[in-house]
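Working notes for the structure below.
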Protein chains: 4
Amino acid sequence: MNDAPAEPRPALRDDRSEPGTARPGAAGRTSAGPRRSKASADAILDAAQDLLAEAGYAGFSIEQVAKRAGAGKPTIYRWWNGKAALLLDVYARQKLVLTDDDTGTLEGDLASMLCSVSRFWRETPAGDIFRSIIAEAQSEPSALEALRSFLGERRHHVAAVFERARARGELDEGFDLDTTLDIVSGFLWARLLVRRLDDDLEGFNSFARQIARGVTRR
Amino acid sequence: MNDAPAEPRPALRDDRSEPGTARPGAAGRTSAGPRRSKASADAILDAAQDLLAEAGYAGFSIEQVAKRAGAGKPTIYRWWNGKAALLLDVYARQKLVLTDDDTGTLEGDLASMLCSVSRFWRETPAGDIFRSIIAEAQSEPSALEALRSFLGERRHHVAAVFERARARGELDEGFDLDTTLDIVSGFLWARLLVRRLDDDLEGFNSFARQIARGVTRR
Amino acid sequence: MNDAPAEPRPALRDDRSEPGTARPGAAGRTSAGPRRSKASADAILDAAQDLLAEAGYAGFSIEQVAKRAGAGKPTIYRWWNGKAALLLDVYARQKLVLTDDDTGTLEGDLASMLCSVSRFWRETPAGDIFRSIIAEAQSEPSALEALRSFLGERRHHVAAVFERARARGELDEGFDLDTTLDIVSGFLWARLLVRRLDDDLEGFNSFARQIARGVTRR
Amino acid sequence: MNDAPAEPRPALRDDRSEPGTARPGAAGRTSAGPRRSKASADAILDAAQDLLAEAGYAGFSIEQVAKRAGAGKPTIYRWWNGKAALLLDVYARQKLVLTDDDTGTLEGDLASMLCSVSRFWRETPAGDIFRSIIAEAQSEPSALEALRSFLGERRHHVAAVFERARARGELDEGFDLDTTLDIVSGFLWARLLVRRLDDDLEGFNSFARQIARGVTRR
DNA sequence: GGATAACCGAGACGGTACGTCTTGTCTTAAA
DNA sequence: TTTAAGACAAGACGTACCGTCTCGGTTATCC
């Protein structure tokens with residue numbers, strides 16, 4: 001998903017040949033050239049991710065990212081229009097690993113998915129990053145926009161679970177996919193936002209049972 | 001509702017006798033005494049609320065609140081330990097008016113409650129304030145703590161709906177109140193955070209139907 | 001000298017009878033009555049002097065003096081109109097101990113006096129206090145006024161040395177006392193202000209010899 | 001005179017090429033680059049000088065200087081480490097115009113110099129600035145250090161007068177230049193600090209006569 | 001001998017300034 | 001022409017004092 005970072009510029013060839021000689025500068029990275037430097041972009045995203053992991057959203061500033069990446073602030077602002085865009089790209093880099101196993105029932109699949117997402121957010125930087133994006137979206141219109149479109153993209157992971165259920169004939173004829181997806185993501189967001197991402201098996205099972213009961217045919 | 005605002009001091013008598021003579025100062029507000037000045041506190045909370053309404057969370061700063069309230073910054077920091085505490089008090093002042101009418105069925109009650117909360121957040125400053133608190137909680141531990149305890153307090157409003165249903169004998173014996181409340185509030189939070197608080201009757205009904213089906217006995 | 005502190009009030013009897021019962025307050029000092037409390041005044045002056053000794057002029061604030069004295073700020077402002085007045089009173093409390101011995105010659109007396117004043121300023125808080133007063137006088141008109149009148153009072157100590165010389169017949173008939181006193185105090189002030197109060201015997205002797213040669217008859 | 005202002009950075013080329021286009025900002029000043037902006041430094045020093053002239057040392061604050069200069073506070077703190085450093089640079093900018101005319105005698109030269117310095121301090125901002133520096137030095141160690149080294153630099157102006165006298169053969173063989181310079185500057189400082197800089201010809205002549213008598217050979 | 005008036009401590013108040021931090025724009029020099 | 005570097009204006013941050021004002025409480029004096 002979204003493996004092309006949000007570029008305000010048309011589309012540059014990002015791959016640049018390796019530098020011939022090392023600079024005396026911070027990391028061996030050669031500075032500049034007429035194309036966008038993939039090395040720089042990577043360094044910036046790495047720095048952003050690390051910083052977020054270490055200092056949290058509170059300590060996350062463009063200033064610090066630039067310093068840590070050995071990049072100039074204008075370089076960041078040239079390619080991302082603010083914190084939010086940067087955060088989104090960082091989130092997009094996270095490899096979403098969900099153990100989307102087919103347990104045979106909607107209820108089982110749902111519980112499994114909750115566990116999976118919960119673990120993903122808990123054990124990778126993704127959770128903190130996503131929290132930050134939501135927070136940023138509350139004051140930054142562009143972040144809100146990004147968050148919304150982002151939502152649509154991630155939707156299909158959960159949707160797949162219900163598609164399987166539909167294929168099995170489990171679902172009621174009046175099943176409303178959109179609302180159901182909102183329920184699932186809302187439930188997860190709330191846990192994320194109050195930092196209650198523990199592996200609450202009982203709660204997840206309870207959730208899954210209830211949702212499954214609500215949407216399956218009798 | 002949170003009728004004890006987050007006061008760092010034990011409990012002061014906030015009511016002060018009427019000022020004898022007017023100060024030459026800005027407003028007619030009399031300045032100071034060894035007790036907390038209710039007038040100041042009110043002016044600050046009013047200013048905070050207005051500022052949030054006008055400039056949003058992005059433009060909300062202690063500096064501006066102080067200026068607008070005609071108060072000194074130290075006065076704010078004396079009684080609230082940061083943005084979050086101030087926001088919480090502002091939220092606590094909002095009169096939660098929910099048309100909690102008994103429609104006779106759980107489904108009806110649920111749909112009604114969603115409408116009611118949605119309208120409350122949409123048509124009063126409360127929604128924006130609450131969004132701000134959630135955002136603040138992502139970087140400020142104290143705000144997170146406040147948000148959590150806050151959650152517990154508001155919980156009973158939704159719980160009441162389910163208690164009525166239980167009294168009617170609608171509920172399944174395995175009904176899990178906590179999880180269900182999390183579902184409801186999660187659904188509402190998500191709508192609030194992506195600013196999709198429109199009066200989505202169809203969606204609310206769909207949600208209510210599904211939840212009701214999931215928890216009622218067959 | 002100046003043993004009546006700069007009182008803005010007409011003239012109260014400062015001595016108060018001993019309190020009958022101790023207050024639960026800080027130091028057992030009883031609080032108030034319709035007369036000025038000598039105990040409070042002393043506590044304030046003590047605190048001011050100690051604070052100046054410990055934290056220097058930079059750390060000297062009415063706030064701290066009040067806290068340390070266990071006094072209310074208004075009590076300080078009631079009896080002194082600012083830092084400067086307080087400092088002056090503190091300086092006035094310093095017992096000026098000058099070994100004003102008659103060496104038989106103007107030159108000897110002068111050198112002796114320089115040593116004496118220098119040691120006084122160096123070994124008691126007086127030097128730091130006086131420095132503070134001069135500093136304060138640069139921004140506070142009232143302090144300037146006080147400094148000027150103060151100057152007049154202290155003048156006679158040095159004048160006495162020259163009076164003795166005149167009595168001995170050492171002085172030239174065109175001797176200008178005022179200018180000479182300005183020279184002596186200026187010399188000492190400059191040393192004080194750049195904190196070069198070491199016991200510079202050679203310098204003092206050189207000064208004394210030169211001044212004496214300048215004013216004695218040939 | 002102190003032509004190298006107290007720069008914390010080694011030595012930057014302060015001159016920058018002319019701006020191509022005007023900024024929308026306050027004045028027509030173009031904004032910055034990786035070198036120190038001379039325009040900003042000048043604006044800050046101008047503002048500091050004007051502010052000191054208008055509001056005096058009491059009203060002199062970094063805050064006000066920044067506002068008046070249209071500069072950011074961090075810009076000031078980047079190049080000067082506090083009030084004192086700024087004041088010193090402002091003083092260093094004052095063109096010391098002393099009518100150092102050779103009157104033929106030490107006494108005449110001295111009187112002339114006193115008049116000259118007195119007028120300089122009285123009729124230019126220099127006097128007020130210098131008073132402020134002395135005051136600042138009483139609470140700020142760095143200012144004290146600066147004041148001391150400053151002293152050394154300015155010393156030779158007065159020294160020149162005595163050098164001329166020595167060349168004329170006026171001086172006694174035991175003449176002590178250091179002490180004498182301390183006397184002269186002490187006399188002037190004291191007058192400055194109690195704001196008695198009037199053109200006291202009589203006093204100056206008296207001073208000059210006495211000093212001259214003290215150091216000339218018989 | 002009870003009322004009164006001035007003192008006292010405490011500390012909240014509106015302000016101003018402090019020195020630091022971050023933001024987003026701009027300029028330079030190197031590559 | 002992009003880059004790293006970093007100066008810049010702007011302004012918020014949270015803290016320290018300023019000098020004023022109110023509070024209750026205490027106590028010496030005067031009716």
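In the text below, chain A, chain B and the rest are named by the order of the sequence lines, each starting its count at 1.
When each of E:dC8, F:dT3, F:dA4 is scored by its nearest atom to the side-chain atoms of A:A71, the top-ranked nucleotide is F:dA4. Across E:dG19, E:dC7, E:dT25, the shortest atom-to-atom separation from the side chain of A:K73 is found for E:dT25. In this structure, of E:dG9, F:dC21, F:dA10, it is F:dC21 that holds the atom nearest to the side chain of C:P74. When each of E:dA12, F:dA7, E:dA17 is scored by its nearest atom to the side-chain atoms of B:W79, the top-ranked nucleotide is E:dA12. For B:K83, whose side chain is taken as the heavy atoms from C-beta onward, the closest listed nucleotide among F:dC13, E:dG14, F:dA4 is F:dC13.
In terms of heavy atoms, B:G82 sits closest to B:I62 at C-CD1, 4.3 Å. For the pair D:A69 and D:I44, the tightest heavy-atom approach, listed with the atom from each and the gap, is CB-CA, 3.8 Å. The two residues A:Y57 and A:S132 come nearest to each other via the heavy atoms CB-OG, 3.4 Å. The shortest non-hydrogen separation linking C:Q64 to C:G59 is CG-O, 4.5 Å. Nearest heavy-atom pair, A:N81 versus A:S142, reported as atom, atom and distance to 0.1 Å: OD1-OG, 4.3 Å.
In this entry the distance linking CD1 of A:I44 with P of F:dT2 reads 14 Å, nearest Å. The separation between A:Y77 atom OH and F:dT3 atom C1' is 17 Å, rounded to whole Å. At whole-Å resolution of the value, CG in A:D42 and P in F:dT3 are 13 Å apart. Rounded to a whole Å, the CG atom of B:N81 is 14 Å from the P atom of F:dC13. Following rounding to the nearest Å, A:L86 (CG) and E:dT22 (C1') show an atom-to-atom distance of 15 Å. Atom NZ in C:K38 sits about 16 Å away from atom C1' in E:dC7, given to the nearest Å. In this structure, A:I76 places its CD1 atom 13 Å from C1' of E:dT22, rounding to the nearest Å. Rounding to whole angstrom units, CZ of residue D:R78 and P of E:dC21 are separated by 12 Å.
Only at 4.0 angstrom or more do the heavy atoms of residues 136-144 of chain A sit from any atom of DNA chain F, so none qualifies. Within residues 50-66 of chain B, the residues having any heavy atom closer than 4.0 Å to DNA chain F are, in order of number, B:S61, B:I62, B:E63, B:Q64.
Comparing B:G72 and C:K67 by the nucleotide of DNA chain E that holds the closest heavy atom to each, the one mapping nearer the 5' end is C:K67.
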Give the C-alpha distance, both sets of side-chain angles, the deciding distance and a yes or no for side-chain contact (heavy atoms from CB on, under 4.5 Å) between D:L86 and D:F60.
CA-CA 11 Å; D:L86 189 48; D:F60 182 81; 4.2 Å; yes
Verdict with reasoning, B:L144 to B:E140, per side-chain contact (heavy atoms from CB on, under 4.5 Å):
CA-CA 6 Å; B:L144 178 58; B:E140 185 70 32; over 6 Å; no
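A close approach under 4.0 Å does occur between a side-chain nitrogen or oxygen of B:S40 and OP1 or OP2 of E:dG14. At the phosphate of F:dG24, OP1 or OP2 sits under 4.0 Å from a side-chain N or O atom of B:R35.
Considering A:K73, A:K83, A:R68 in turn, A:K73 is the only one that fulfils the salt bridge (charged side-chain N to carboxylate O under 4.0 Å, His left out) rule with A:E63.
By the 6.0 Å and 45° rule, D:R36 stacks over the aromatic ring of D:W80.
With sequence neighbours left out, the salt bridge (Lys or Arg N to Asp or Glu O under 4.0 Å) criterion links D:D46 to D:R93.
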